[in-house]
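Since we're looking at a predicted model, the values are computed, not measured. When a ligand or atom number is given, it counts from 1 through the structure's own listing order.
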Amino acid sequence: LNIITEDFENFYDIQDDLGSGQFAVVKRVRELNTGHEFAAKFVRKKKCVAGRRGLKREEILREADILSELAPHRNIITLHDIFENKHEIILVLELVGGGELFHYIAEKDTLSEEEAAKFILQILEGVHHMHEKNIVHLDLKPENVMLLEKNKTQIKIIDFGISRKLQPNEPTKETFGTPEFVAPEVIAFEPVTLATDMWSIGVITYILLSGASPFLGNTNQETFNNITQVDYRFDEEFFANTSDLAKDFIQQLFVKNPRQRATVVDCLNHPWIKPRRRKDEEERRNAQINMPSFKS
Ligand SMILES: Cc1ccnnc1
């Protein structure tokens, strides 16, 4: 992908706001010569090295490089264009219109285990694709999982703003995710690994099944203490009807030692997830076998 330096507005019409973060705003845009809609992420560049506002140019381009390396995957957002001007870099991303998984849960309060496991399976498939390339997301949370379309259950993982390509000789420490979802090693400023994402998947699963957040305290410090002590419980108020398999799936992710934590492959093979995979794949396979091969 090359970086376009001509005016963004020569190629796109800017429409409504889709969201904003610390250094970025995301707007719906329409490509002039195709009419296709996208989500443009406008990221402010630091004015100067010491500047607090904005991100360093190479930090912003890291997200673009990672998205380019991961494309294509059905559960990961795709990057369409990159623009740069004096003050900002603009990532033109696939438009994912179904809203955040977070809002979907909020409306339904909790999901059936069947439905939750299908969402978790898709997150695992996207994370498997990342981890195969030694890429760690580091900010997995319901807000960063979006439904491709309303009332459709296909999801896309978005926001690779703090994701990293792990280099064996270079332990990555300095980054930090969202307190409620970060693993103990992040709080202890120890090197992050692929296992760091797996802890966050445990938190997402717990929330999908219960509507409650396992480690959330009244302050960040309380949350950090709960995480460091792996202090959580399956409150009977929310988990009375939850299967032992689902609880076992979560328990294998809330392991303090990253090396003992379940990997994405362990999770894909876990019995709480496995049956669905066989069914989905079986359906795909049967579709081929039963489809009469049309002889020309
Ligand atoms: C917020 C957002 C990000 C990426 N694609 N669509 C929507």
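Rounding to the nearest 0.5 Å places CG of D197 at 8.5 Å from CD1 of I157.
A donor-acceptor pair under 3.5 Å is formed between the side chain of N269 and the backbone N or O of V265.
Taking the six-membered ring for Trp and thresholds of 30 and 60 degrees, F254 and W199 have ring planes inclined between 30 and 60 degrees apart.
Scanning the protein for heavy atoms near atom 5 (N) of ligand 1, the closest one is E94 O, 2.9 Å. Of all protein heavy atoms, the one lying nearest to atom 2 (C) of ligand 1 is M146 SD, 3.9 Å.
Counting atoms of ligand 1 from 1 in the listed order, those under 4.0 Å from a heavy atom of I77 are 4 (C), 5 (N). If you number the atoms of ligand 1 from 1 as listed, the ones under 4.0 Å from a heavy atom of A39 come out as 4 (C), 5 (N), 6 (N), 7 (C). Near V96, the atoms of ligand 1 lying under 4.0 angstrom from a non-hydrogen atom of the residue are 5 (N), 6 (N), 7 (C).
Note on R44 versus E88: no salt bridge recorded, every NZ/NE/NH1/NH2 to OD/OE distance being 4.0 Å or above.
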Which atom pairs, one a donor and one an acceptor, fall under 3.5 Å between side chains of residues 181-193 and the rest of the protein, sequence neighbours left out?
| unit_1 | atom_1 | unit_2 | atom_2 | d |
| --- | --- | --- | --- | --- |
| E185 | OE1 | R261 | NH2 | 2.8 |
| E185 | OE2 | T196 | OG1 | 3.0 |
| E185 | OE2 | R261 | NH1 | 2.9 |
| T193 | OG1 | A195 | N | 3.1 |

